[in-house]
Amino acid sequence: MSEPPADLAVIGYFAAVQRLMLPCALADVGGGKAGVQLGPTLTADAPLVGLDLAGRGWSVAAHLTHPGRGRDQQAAIALLEDRIERLTLGPDCGAPMEIQLQHIDREVVWYCDPGPGLRSLAELGVVAPAARNLYLDLFDWLEPLICVDLRHAPTLVFLNGGLRPCDSLAPLIQRWRPRIQGRLVLQVSAAGITDPRELAARADLIVEMGADLAVVTASANGLAIAARNASAVHRPARDVTVLDASGAGAAASAALIAMLDRQPDAAPAALVEVALDAGAARCTVDGAVDPASAMRWQLFRETGGMEQ
């Protein structure tokens, strides 16, 4: 007998990230600096969104790349096995190299070699799990390997396009729109854009291209959301003391999926507030993982992936 549909299915890249805090501004790095190693965190957004909504009591099915066999990676697998109802990993092709540098001015720089994860994804080849909602990481370096059969026709499909240039969005929507019977939500990052009018215009443009809902995030410059039946609404980011912004986008995505599941016709003005609240709350904690999951991961790291 087949399993009942999950509340959410997530598909994407899964890796443990080593972090280093440097006691200098990004502009002052020079030839090299000694820093302080922080606890690891997780990437990319798919496992973070899954963990967030599993923490809200949702049933979650996850198809993710294999993070490798190191101690932190094994603890990360144990965390997802503990919190996510149905977890499927690709083959182990080794641990991707993921490093995050945090500077004293709160600038964050990532360095990575995702090759092992990409090889794992290429061999995963999935039919998207039966679920009411589906979340996909579709970064430009990841999308060519996302071979997903959408035969189960989720009600809502949430695509995270990452840092894609505007001229690449229409082809992205054209590739996915014909495959999606439900609502298509596209979230993209517009880091570097500071003009609220430009952010709102980009959200409206994405809807004109064929998305049912567009989410354009701009870090400290807030975000804009547009819908097929409503023009874009922009609001600035919340005024909070930022400890670590690396998980804010995933937190906002999870909050939007939860609200759209409850209120499919929620207006952009209401959705913007929910997303900003969730992103701001995540910025005040250390690491990209929600606090409850972070505590659980630390336990598994200390016990070698076994619960005591």
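Sequential numbering from 1 along the given sequence is applied to the chain's residues.
- A 4.5 Å side-chain heavy-atom check between Leu20 and Leu101 finds at least one atom pair inside the cut-off.
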From CA spacing to verdict: side chain to side chain contact (heavy atoms under 4.5 Å, CB included), Leu38, Asp244: CA-CA 12 Å; Leu38 305 174; Asp244 184 352; over 6 Å; no
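- Panel note: side chain Arg228, backbone Gly210; a donor-acceptor pair is recorded below 3.5 Å.
- Without hydrogens or angle criteria, Arg119 side chain to Gly94 main chain gives no donor-acceptor distance under 3.5 Å.
- Note on Val285: it does not cluster hydrophobically with Val17, by side-chain heavy-atom contacts below 4.5 Å among ILVMFWY residues.
- Closest approach of Ala275 and Ala252 over heavy atoms only: O-CB, 3.7 Å.
- In the model, Arg301 has a side-chain atom that pairs as donor or acceptor with a side-chain atom of Gln298 under 3.5 Å.
- Under the 3.5 Å distance criterion, the side-chain polar atoms of Asp137 are matched with a main-chain donor or acceptor of Asp45.
- Linking Ile, Leu, Val, Met, Phe, Trp and Tyr residues whenever their side-chain heavy atoms come within less than 4.5 Å leaves Ile180 and Val207 in two separate clusters.
- With respect to the salt-bridge test (charged N to carboxylate O, under 4.0 angstrom), the residues Glu273 and Arg238 qualify.
- For the residue pair Ser253/Gln187, the side-chain donor-acceptor check at 3.5 Å is satisfied.
- Leu142 and Leu150 fall within the same hydrophobic cluster, where Ile, Leu, Val, Met, Phe, Trp and Tyr residues are linked whenever their side-chain heavy atoms come under 4.5 Å apart, directly or through other members.
- A continuous path of ILVMFWY side-chain contacts below 4.5 Å connects Met209 to Leu186, so both sit in one hydrophobic cluster.
- No side-chain heavy atom of Leu205 sits less than 4.5 Å from a side-chain heavy atom of Leu169.
- For the atom pair His234 NE2 and Arg197 CZ, the distance stands at 11.5 Å (nearest 0.5 Å).
- For the pair Trp297/Pro40, a side-chain contact is recorded, criterion being any heavy-atom separation below 4.5 Å from C-beta on.
- In this structure, Arg282 contributes its side chain and Ala288 its backbone to a donor-acceptor pair below 3.5 Å.
- Hydrophobic clustering (side-chain heavy atoms under 4.5 Å, transitive across Ile, Leu, Val, Met, Phe, Trp, Tyr) groups Phe139 together with Leu184.
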Leu79/Leu42 under side chain to side chain contact (heavy atoms under 4.5 Å, CB included): CA gap, chis, key distance, verdict: CA-CA 11 Å; Leu79 169 65; Leu42 295 181; 4.2 Å; yes
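- Residues Glu85 and Val60 are not in side-chain contact: their nearest non-hydrogen atoms beyond the backbone lie 4.5 Å or more apart.
- Contact annotation: the side chain of Arg83 approaches that of Ser293 to within less than 4.5 Å [non-hydrogen atoms, C-beta and beyond].
- Using cut-offs of 30° and 60° for the angle between ring planes, the Phe158 and Tyr135 rings count as parallel.
- Between Ile206 and Ile173 the shortest side-chain heavy-atom distance falls below 4.5 Å.
- Between Trp58 and Ile257 the shortest side-chain heavy-atom distance falls below 4.5 Å.
- Looking only at side-chain heavy atoms (C-beta outward), Asp261 and Asp7 stay at 4.5 Å or farther from each other.
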